[in-house]
Amino acid sequence: MASAAESSGGATATRRVLMFPLPFQGHLNPMLQLADVLHARGLRVTIFHAAFNAPDPERYPAGYRFVPVGAGVPTADLVPTGSNADFAGAVLRINERLQAPFQDSLRAVLEEDEEGAAVCLVLDSNLRGMQVVADRLGVPTLVLRTAGAACLVAFMAFPALCDKGLLPPQDHSQLNMPLDDLQPLRVRDMVFSTTSPHETISTCLECIVESVRCSSGVIFSTFCDLEDVELQKVNDSVGVPVYAIGPLHKISSGPQSSLLAPDRTCLDWLDKQEDESVLFVSFGSLASMDKEELMETALGLANSRIPFLWVIRHDLLHGSEKVGLPDGFEEAVQGTGMVVSWAPQQEVLGHQAVGGFWTHNGWNSTLESISEGVPMLCRPHFADQMINARYVQEVWKIGFELEGKLERGEIERNVRNLLCQEVGGEMRRRAKDLKDKATRCIKKGGSSQTRVDLLVNFITSLPSSI
Ligand code: UDP
């Protein structure tokens with residue numbers, strides 16, 4: 001049988017797209033999903049990747065090639081762990097440290113040109129340093145934003161908010177100030193991190209915006225019905241084509257790019273629960289909490305008497321503290337609760353037993369929840385998470401934020417509101433409506449599928465001699 005590449009004819013069969021994801025779970029996933037979408041359209045794919053948090057080449061079919069960059073480079077300060085890590089600083093250091101090795105690797109790949117002509121590089125918008133290298137070697141670039149369009153709109157406004165003296169906030173009273181041009185955002189939603197120095201954050205966000213403006217096009221894992229207004233704003237100001245082709249995890253059917261092994265036994269456990277009865281609790285791959293927050297969370301969940309599936313990553317606690325659950329917790333939740341160290345999250349959210357998602361609102365988690373029509377309890381930690389949570393609550397009205405100090409009584413009340421009360425039911429109905437829209441946009445003729453066509457046409461029209 002002819003492969004997609006062969007059957008699609010000469011135009012794409014020998015074309016090769018180069019890709020470079022940022023080496024963090026929430027960035028690897030959408031880039032590798034995009035790789036699968038392009039591969040399925042007959043393009044070959046070369047993935048450059050950092051030597052740490054590397055994807056597993058064994059999981060990928062022929063037509064993929066993996067090129068490690070910067071083996072031997074010191075990585076201890078390149079991998080942020082926990083909500084209080086210097087994420088922005090790590091991104092800048094990755095750019096600095098991998099730039100020269102990437103130049104060597106890219107040059108070598110272009111010279112070999114064995115497996116079809118490389119036509120462009122798709123890179124994570126956090127890798128401005130690699131884009132500079134590509135420019136130098138005459139390789140056109142496309143940029144993948146792994147967050148929503150609203151986030152880019154907010155990042156573009158960041159310098160003006162600094163000039164106005166709103167960022168960084170000078171005192172507590174400024175935090176709830178609404179930002180008229182960025183409704184429904186408030187000053188507090190723009191505080192990217194409380195641990196990275198302001199200068200570092202400014203430079204990091206500036207580089208992101210610059211990478212978009214210096215590209216031949218920006219790709220988003222979002223969809224028009226979700227972020228119509230924000231996509232229009234991006235379109236009006238970046239000066240390059242905008243491809244909203246999400247939810248990418250729904251368009252892609254490729255291999256899982258999980259860095260940790262998911263515990264699939266939780267799916268059997270979910271099979272035994274009633275429809276829409278379970279709260280799924282997961283804070284993504286980086287966010288962390290302290291011992292007291294962990295205790296309050298455990299007791300709030302247990303006291304709610306709502307069935308729950310909770311992901312407690314090995315590094316969920318700040319620093320190197322060992323996770324310890326309250327005495328008697330396991331007995332108290334026997335039968336009603338399950339704890340795993342990593343879940344097959346997309347399948348969990350798609351399971352009929354799941355009725356709510358307590359999330360940190362990373363963009364992937366937010367979009368995965370929307371795609372399955374699951375309403376959210378929001379507990380954002382840093383980066384774009386506050387922006388996403390705000391949209392969940394104020395724009396899409398498919399969840400609400402759990403603000404302030406984590407306290408067992410508040411947790412219990414909010415969890416019950418989401419799962420058992422009418423307010424949660426209304427949110428679930430709206431979430432299901434968005435799920436229907438997400439499903440339609442990836443069908444033939446749908447907005448995202450049409451934009452995938454445009455993107456593939458653009459890539460295949462690029463000259464094959466770089
Ligand atoms: N994820 C997973 N299993 C888990 C927790 C998370 O597969 O137990 C995946 C999740 O599906 C998502 C990614 O990890 O695709 C996390 O990305 P997100 O943008 O939500 O958050 P980040 O980890 O970047 O903070």
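Numbering of ligands and ligand atoms starts at 1, following listing order. Only this structure's heavy atoms are used, side chains among them; waters, hydrogens and symmetry mates stay out.
Within a 6.0 Å sphere centred on CG of D275, other residues, nucleotides and ligands contribute more than 12 heavy atoms. Surrounding CD of E394 are more than 12 heavy atoms belonging to other residues, nucleotides or ligands, all under 6.0 Å away.
If you run salt bridge (charged side-chain N to carboxylate O under 4.0 Å, His left out) between D433 and each of R430, R429, K437, only K437 comes through.
Note: F102 and F48 have perpendicular aromatic rings, judged against thresholds of 30 and 60 degrees for the angle between ring planes. Under the 30°/60° scheme for interplanar angles, the aromatic rings of F24 and H27 are found to stand perpendicular.
Protein heavy atom closest to atom 6 (C) of ligand 1, with residue, atom name and distance, is Q345 OE1, 3.1 Å. Protein heavy atom closest to atom 7 (O) of ligand 1, with residue, atom name and distance, is A343 O, 3.4 Å. The closest protein non-hydrogen atom to atom 14 (O) of ligand 1 is Q25 CG, 3.7 Å. For atom 20 (O) of ligand 1, the closest non-hydrogen atom on the protein side is S365 OG, 2.5 Å. Atom 13 (C) of ligand 1 has N29 ND2, 3.7 Å as its closest protein atom, hydrogens excluded (heavy atom only). Among all non-hydrogen protein atoms, the one lying nearest atom 2 (C) of ligand 1 is W342 CZ2, 3.3 Å.
For the residue pair D86 / S196, a side-chain donor-acceptor distance below 3.5 Å is found, with atom types taken as modelled. A side-chain donor from one of S282 and Q345 sits under 3.5 Å from a side-chain acceptor of the other. Looking at Y391 and E230, their side chains do bring a donor and an acceptor atom within 3.5 Å of each other. Of the N and O atoms on the side chains of D228 and Q232, not one donor lies less than 3.5 Å from an acceptor on the other residue.
Residue S285 has at least one heavy-atom neighbour below 4.0 Å for each of these atoms of ligand 1: 22 (P), 23 (O). Interface atoms of ligand 1 facing G362, defined by a heavy-atom separation under 4.0 Å, are 18 (P), 19 (O), 20 (O), 21 (O). Using a 4.0 Å cut-off to heavy atoms of V311, the atoms of ligand 1 that qualify are 8 (O). Numbered from 1 in the order shown, with element, the atoms of ligand 1 that lie under 4.0 Å from a heavy atom of G284 read 23 (O). Heavy-atom contacts of G26 reach the following atoms of ligand 1: 17 (O), 24 (O) (cutoff under 4.0 Å).
Between W363 and ligand 1 there is a heavy-atom distance shorter than 4.0 Å. Residue-ligand proximity: H360 is placed with a non-hydrogen atom under 4.0 Å from ligand 1. By the 4.0 Å heavy-atom criterion, S282 is counted among the residues contacting ligand 1.
If you look at E368 next to ligand 1, the close heavy atoms, those under 4.0 Å, all belong to the side chain.
Remark: ligand 1 and N364 share an N or O pair separated by less than 3.5 Å (distance only, no angle test). In terms of N/O distances under 3.5 Å, ligand 1 is not approached by Q346.
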Run the side-chain donor-acceptor check on residues 304-311: report pairs under 3.5 Å with partners two or more places apart or on a different chain.
| unit_1 | atom_1 | unit_2 | atom_2 | d |
| --- | --- | --- | --- | --- |
| S304 | OG | L301 | O | 2.8 |
| S304 | OG | I306 | N | 3.1 |

Review point. Between D436 and R440, is a salt bridge (Lys or Arg N to Asp or Glu O under 4.0 Å) present by the stated rule, with each step listed?
Key: CA-CA 6 Å; D436 291 343; R440 274 200 297 276; 5.4 Å; no
